[in-house]
Amino acid sequence: MCGIVGVVSNKDVSHKLYEGLKNLEYRGYDSVGMCFLHNKSFLQKKGVGKLAEVQKKVNFLRFKGNIGIAHCRWSTHGGVTEANAHPHSDCSNRISVVHNGIIENYSKLKDELVKKGHEFTSQTDTEVIAHLIEDNLKGYSIEKAIQLALKKLEGSYALGILHADSPSKLFAARNESPLILGVGNNENFIASDVPSILGYTNKVVYLDDKEIAVLMKGSFKVFDLDGRQLRKKINVINWSREAAEKGGFKHFMLKEIYEQPRAIADTLNGRAANNHVVFDKEFGLSENYLRKIKKILILACGTSWHAALVGEFMIEELARIPTEVQYASEFRYRHALLDKDTLVIAISQSGETADTIAALREAKKQGVKTLSICNVMGSSITRISDGVIYTRAGPEIGVASTKAFTTQLSVLYLLTILLSKLRKTLNEGQVKSMIECIRKIPMQLPAVLHEDDEILRCAELYHKRTNSLYLGRGVNFPIALEGALKLKEVSYIHAEGYPAAEMKHGPIALIDKNMPVVFIAPHDIYTYSKILGNIEEVKSRGGIVIAIATEGDKEIPKKADHTIFIPKTLYTLSSILAAIPLQLLAYHIADKLGRDVDRPRNLAKSVVVE
Ligand code: AGP
């Protein structure tokens, strides 16, 4: 996904732009570029490939200038070419623009501009912005020209803009695409996310939709599209730069898997004690309202959608509220009918997933209350929703979501307890013991991580297999889906998740001696004996069984080729513990295959296009 960094400073900015882009590499991209403003003229360089490759050719670090913008591009309009890489300029080369998002009416705007004599050099939607500003500059200040240009744009944008005749100013704007301002000492920044500038400042201003910022080295101002100045809050971020780095692990994904005891402990901290669950002030939904809701609809994509399915199971089982889960991308085109007593929950690690944002907006149009479960403070989803529960996983850099997932499950579990308590579907004693069990989870996780040797052995034995099945039931069916998704994402091996009992309705035809089948089979009172039967069915057809079982289980090790143990806990919470061996298995297989684990091909961390 595209990323932007911009700096205005009292010193040369090339190193900061370079470092900023390096910190954005995790998003996945195909080309990079920078523009420096020096002595009222631009030095602009760009190229196709990873930052280090382009750096070898152009050496960004040799450029002078106290003000500059940089971009990594993940193509949407126009092929992967140097001409299409950002920044883009107007005809006179006095305006330079970097852009994330999609300008939906760009083709109409381009036709109008071409008729007026503008000459385009790329196939991108972004270039129209530079020409549109140029077109509006006649007779107006650059600030006014930017306002007028933005009013004509339809679609999403996060923008960094330089104007050669305004050599002390960096301009920025956003609409439905993330952009933050970083407030430094004698320098100010713009960036697509917080980690990319954390090395320089932890003071951040979140731009809202249809806002324009003007940054100078010692000050910044934010305006609406009519030029009215707005008051903006400076937020102090407590993520350290180190928190966003690998900390000695080979990959971010592995580091993030190992961070889960801390991430879950932080997520629970101050929220669950004795028989009380209390969320932070952003939660925003009253107890009175929560007692009355008749239905819950959860919207999400990818891994967050799997968390939603676990949440559905937890809420229906324990709080007894009818709950439905939909893919955000499908919901928005379904013309769904929402009852006003439905609570809509959006789950998103990034808070910037375009489909989830659009689905949430669609739900809001129908007048329902909305709650988001999100990892990124101040992200778009959190600002659209009526209430927010933050997962406190810290920055997740690996494209494959790991710690964000298990912290989402932890939050859903706490929410379930709160709802169960308010609606009296559980008594005080049950609530207390559920809280005790979740508080134990961070202490139980190291035991799961210690199973890594056996998981690594499985990876060594089976990393060359080209297919695999993941089977689970009840609360662990979504964990099977998530295990299969993790493997696909990072290793590029085909994997499918199924409810274990569905195997006999089709997938069983696939079983032979080359097929590893991962069973998520912790002990439970409902389906354990049935899963044992499913394991037999796979074994009798020559399949390879890797089973996740509860410690002390004597039956599964007799049948499975490999057993990975997780500690005893409540059935609903087994989903959190069981997710971790599957993350490790996917990681080790991908690593054995030499995959780019943190930046798997074709994937982006935040899917900010639809
Ligand atoms: C996770 O491993 C995936 N890369 C992806 O499915 C992700 O969960 C999905 O794009 C949703 O992202 P979000 O949680 O930031 O909204």
Side-chain angles (χ1 to χ4, degrees), residues 1 26-28 74 176-178 192-195 251-254 256-257 260 263 298-311 325-332 345-361 370-385 388-391 393-409 411-412 470 478-479 481-492 495 497 579-580 582-587 590 595-610:
M1 205 59 39
Y26 69 88
R27 294 173 159 239
W74 190 75
E176 295 178 14
S177 192
S192 296
D193 66 16
V194 174
H251 294 100
F252 280 114
M253 182 180 175
L254 190 60
E256 288 160 4
I257 292 172
Q260 289 175 102
I298 315 183
L299 303 170
C301 300
T303 288
S304 297
W305 185 78
H306 297 152
L309 293 176
V310 174
V325 174
Q326 289 199 24
Y327 282 116
S329 53
E330 288 299 309
F331 172 79
R332 51 184 303 206
I345 302 178
I347 306 181
S348 173
Q349 184 285 129
S350 61
E352 301 295 349
T353 299
D355 282 319
T356 312
I357 294 174
L360 196 58
R361 288 209 162 106
T370 55
L371 172 72
S372 57
I373 296 176
C374 188
N375 194 39
V376 180
M377 208 175 253
S379 58
S380 302
I381 282 169
T382 66
R383 284 177 295 133
I384 300 168
S385 336
V388 186
I389 308 174
Y390 285 107
T391 49
E396 192 179 64
I397 307 296
V399 165
S401 196
T402 52
K403 60 179 180 169
F405 178 64
T406 50
T407 54
Q408 286 167 351
L409 300 190
V411 161
L412 285 161
Y470 284 70
I479 301 303
L481 294 177
E482 174 60 8
L485 177 67
K486 285 287 88 78
L487 187 70
K488 280 186 270 211
E489 279 187 296
V490 294
S491 73
Y492 320 148
I580 285 155
L582 306 187
Q583 298 168 348
L584 283 167
L585 183 64
Y587 170 79
R595 306 293 191 229
D596 192 352
V597 176
D598 286 330
R599 292 186 297 270
R601 69 184 182 201
N602 308 336
L603 290 177
K605 183 68 185 162
S606 317
V607 184
V608 298
V609 290
E610 294 158 22

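Note that ligands are numbered from 1 as they come in the structure, with each ligand's atoms numbered from 1 the same way.
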Asker: With the side chain counted from C-beta on, respond yes when D355 and Y327 share a heavy-atom pair under 4.5 Å apart, and no when they do not.
Answerer: no
Asker: Tell me whether ligand 1 is touched by L603 - counting only heavy atoms on the residue side and a distance under 4.0 Å.
Answerer: no
Asker: Does a donor on one side chain sit under 3.5 Å from an acceptor on the other, for E396 and S401?
Answerer: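 Judged by distance alone, the side chains do pair up.
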Asker: Under 4.0 Å from a heavy atom of S348: which atoms of ligand 1 are those, numbered in the order shown and with their elements?
Answerer: 13 (P), 14 (O), 15 (O), 16 (O)
Asker: For ligand 1, which atoms, with element, lie under 4.0 Å from some heavy atom of K486?
Answerer: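 Atoms satisfying the 4.0 Å criterion: 2 (O).
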Asker: Would you say the side chain of H306 lies within less than 4.5 Å of the side chain of L481, judging by non-hydrogen atoms?
Answerer: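 They are in side-chain contact.
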Asker: Please assess S379 against E352 for the test side-chain hydrogen bond (donor to acceptor under 3.5 Å, both in side chains), listing each intermediate value before the final yes or no.
Answerer: CA-CA 6 Å; S379 58; E352 301 295 349; 4.6 Å; no
Asker: Give the numbers and elements of all ligand 1 atoms closer than 4.0 Å to a heavy atom of S304.
Answerer: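 Near S304, meaning under 4.0 Å from one of its heavy atoms, ligand 1 has 8 (O), 13 (P), 14 (O).
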Asker: Taking Q583 for its side chain and K486 for its backbone only, find out whether a donor-acceptor pair lies under 3.5 Å.
Answerer: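 Such a contact is absent between Q583 side chain and K486 backbone.
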Asker: Is it the side chain, the backbone, both or neither of E352 that has a heavy atom closer than 4.0 Å to ligand 1?
Answerer: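 The answer is neither.
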Asker: Report, in ascending order of atom number, the atoms of ligand 1 lying under 4.0 Å from any heavy atom of S350.
Answerer: 13 (P), 15 (O), 16 (O)
Asker: Can you list the atoms of ligand 1 that are under 4.0 Å from a heavy atom of S401?
Answerer: 1 (C), 2 (O)
Asker: Report yes or no: do E176 and S380 form a side-chain donor-acceptor pair below 3.5 Å?
Answerer: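 No pair is found: no donor N or O on one side chain lies under 3.5 Å from an acceptor on the other.
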Asker: Which of the atoms in ligand 1, numbered in the order shown and given with their element, are less than 4.0 Å from a heavy-atom of T303?
Answerer: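 By the 4.0 Å cutoff, the relevant atoms are 1 (C), 2 (O), 6 (O), 8 (O).
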